[in-house]
J.: 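Here it is, the structure in full.
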2 protein chains.
Amino acid sequence: MLNITRKVEYALIALRHMQSKNDIGLTSAKEIAAQYGIPKQLLAKTLQQMSREGIVKAVHGPTGGYKIAANLKKISLKDFFEKLEGPLGMMDCYFDSECVQISNCNIRVPIQRINNNMRDMFSQMTLQEITQ
Amino acid sequence: MLNITRKVEYALIALRHMQSKNDIGLTSAKEIAAQYGIPKQLLAKTLQQMSREGIVKAVHGPTGGYKIAANLKKISLKDFFEKLEGPLGMMDCYFDSECVQISNCNIRVPIQRINNNMRDMFSQMTLQEITQ
DNA sequence: TTATATACGACAAAAATTATCGTATATAAT
DNA sequence: ATTATATACGATAATTTTTGTCGTATATAA
Ligand code: FES
Ligand code: FES
């Protein structure tokens with residue numbers, strides 16, 4: 001319960017790996033996948049997603065790869081999680097109102113309070129803190 | 001991502017329902033299931049689990065049911081979650097060391113830091129805050 | 001004796017997550 | 001130009017987790 005996904009885990013591993021390298025050098029999905037034992041295709045898609053989000057920059061062709069493009073100090077963990085996985089909360093009814101029994105739910109308000117606490121917590125942490 | 005489970009949701013709904021009633025009265029699983037549109041059998045099992053954990057007290061037979069048995073002010077949300085769902089953390093490798101690539105993982109330490117933050121947060125909230 | 005409630009292991013269905021496939025495009029090196 | 005290697009990405013498959021059900025046993029009030 002309250003787990004992050006593999007996708008996010010792989011993304012964090014990749015970011016940290018890239019950051020530990022020279023700013024200029026590129027890193028391919030293949031290299032990271034091999035080093036950490038991550039499924040290459042899945043990691044590639046995650047890197048592509050981060051590329052679309054502007055977190056990393058992609059370079060095509062042989063000798064291509066990825067490098068960090070954003071200032072990781074300026075991206076909160078909350079924003080990062082939401083870029084990759086969508087809205088962040090303990091329960092979905094925090095966002096959409098599709099909960100079957102939303103009308104006679106008796107814990108909606110307290111749950112939202114906790115949700116806010118959690119979102120605040122992740123808002124105050126930056127990607128840099130993980131990848132540094 | 002970072003969701004709680006239905007089981008915990010149902011448990012919270014049940015607790016809050018019971019607390020809003022007279023201290024003496026019992027509440028059956030059937031009653032709660034009907035009122036909130038929850039699968040009865042599943043709710044029953046959850047109540048049984050809470051009974052084993054000493055959170056509620058069960059009374060058999062017709063006119064039987066459940067009532068709150070513990071002091072909800074003294075049960076942290078972290079403990080409650082762990083009683084129902086086991087160890088609480090963003091990643092399993094926080095607890096068991098079965099992670100395939102635990103040896104060359106580069107985010108283990110920072111992830112554990114976040115885990116601790118999250119566990120601290122839920123340690124400081126009590127069940128009472130939700131069900132009051 | 002009957003009706004109704006809890007107790008609980010085993011099983012099934014559904015949903016979410018995780019991983020793979022196939023194909024297209026970009027580009028450096030030969 | 002051709003080849004090799006990298007990213008791009010929708011579609012699909014496999015796996016795992018979550019969620020829900022079934023069947024049966026036991027307790028107890030009426
Ligand atoms: S469970 Fe959805 S609103 Fe409470
Ligand atoms: S992913 Fe398991 S130890 Fe890092």
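First the proteins, then the strands, lettered A, B, ... as listed; each starts at 1.
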J.: Please give, in whole Å, the distance from D/dT18 P to B/E9 CD?
T.: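 From B/E9 CD to D/dT18 P: 15 Å.
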
J.: Does B/T126 offer a backbone N or O that forms a donor-acceptor pair with the side chain of B/E129 under 3.5 Å?
T.: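 Such a contact is found between B/E129 side chain and B/T126 backbone.
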
J.: Nearest whole Å is fine: how far is C/dT20 C1' from A/Y10 OH?
T.: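 Value for this atom pair: 13 Å.
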
J.: Determine whether a donor-acceptor pair (N or O, by modelled atom type, separation under 3.5 Å) exists between the side chain of B/K7 and the backbone of B/L84.
T.: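 Yes; at least one donor-acceptor contact below 3.5 Å.
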
J.: What dot-bracket string describes DNA chain D from 5' to 3', counting Watson-Crick and G-U wobble pairs whose defining distances are under 3.5 Å, with [ ] for crossing pairs and | for pairs to another strand?
T.: ||||||||||||||||||||||||||||||

J.: Within this structure, what is the CD1-OG1 distance for the pair B/I107 and A/T131, rounded to the nearest 0.5 Å?
T.: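 Those atoms lie 10.5 Å apart.
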
J.: Of A/Q49 and B/I4, whose nearest nucleotide on DNA chain D comes first from the 5' end?
T.: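 Result: A/Q49.
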
J.: Among D/dA8, D/dA11, C/dA28, which is the nearest nucleotide to the side chain of A/K45?
T.: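 For the A/K45 side chain, the nearest candidate turns out to be D/dA11.
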
J.: Within the structure shown, what part of the strands sits under 4.0 Å from B/A44 by heavy-atom distance: base, sugar-phosphate, or nothing?
T.: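 Nothing: the residue B/A44, judged by heavy atoms under 4.0 Å, touches no strand.
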
J.: So does B/R6 get a side-chain nitrogen or oxygen closer than 4.0 Å to the phosphate oxygens (OP1/OP2) of C/dA15?
T.: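 It does not, given that no N or O in the side chain of B/R6 lies less than 4.0 Å from OP1 or OP2 of C/dA15.
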
J.: Taking the minimum atom-to-atom distance to the side chain of B/Q48, which one of C/dT18, C/dC8, D/dT19 wins?
T.: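 Nearest to the side-chain atoms of B/Q48, counting from C-beta on, is C/dC8.
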
J.: For B/L47 and for A/H60, find the nucleotide of DNA chain C with the closest heavy atom, then tell me which residue's nucleotide is more 5'.
T.: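 Looking at DNA chain C, the more 5' nearest nucleotide goes with B/L47.
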
J.: Rounded to the nearest Å, what distance is computed from the CD1 atom of residue A/I32 to the C1' atom of nucleotide D/dA6?
T.: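 Distance, rounded to whole Å: 13 Å.
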
J.: Between A/A58 and A/N3, name the one whose nearest nucleotide on DNA chain D is closer to the 5' end.
T.: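 That would be A/A58.
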
J.: Where each residue is assigned the nucleotide of DNA chain C containing its nearest heavy atom, which of B/Y66 and B/P62 is assigned the position nearer the 5′ end?
T.: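 Closer to the 5' end of DNA chain C: B/P62.
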
J.: Can you tell me the distance, in whole Å, between the CG atom of A/L26 and the C1' atom of C/dA28?
T.: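 About 13 Å, once rounded to whole Å.
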
J.: Within this structure, what is the OH-CD distance for the pair A/Y66 and A/E31, rounded to the nearest 0.5 Å?
T.: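 With rounding to 0.5 Å, OH (A/Y66) is 13.0 Å from CD (A/E31).
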
J.: Tell me: CE of A/M1 to C1' of D/dT17, nearest whole Å?
T.: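 In whole Å, D/dT17 C1' and A/M1 CE are 14 Å from each other.
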
J.: What is the separation between atom CE on B/M18 and atom C1' on C/dT6, rounded to the nearest whole Å?
T.: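 Rounded to the whole Å, the gap is 13 Å.
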
J.: Between P on C/dC8 and CG on B/L42, what's the gap in Å once rounded to a whole number?
T.: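 Distance check: B/L42 CG to C/dC8 P gives 15 Å.
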
J.: Rounded to the nearest Å, what distance is computed from the CD atom of residue A/Q41 to the C1' atom of nucleotide C/dA24?
T.: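 Taking atom C1' of C/dA24 as the reference, CD of A/Q41 is at 13 Å.
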
J.: Could you pull out the closest heavy-atom pair between A/L15 and A/I68, with the gap in Å?
T.: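 Scanning both residues completely, I find the closest heavy atoms to be O-CD1, 3.6 Å.
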
J.: Within the side chain of B/R119, is there an N or O that forms a donor-acceptor pair under 3.5 Å with the backbone of B/L88?
T.: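 Yes, because the side chain of B/R119 sits within donor-acceptor range (under 3.5 Å) of the backbone of B/L88.
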
J.: Kindly say whether B/L42 contributes a backbone atom to a donor-acceptor pair with the side chain of B/R6 at under 3.5 angstrom?
T.: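 Such a contact is absent between B/R6 side chain and B/L42 backbone.
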
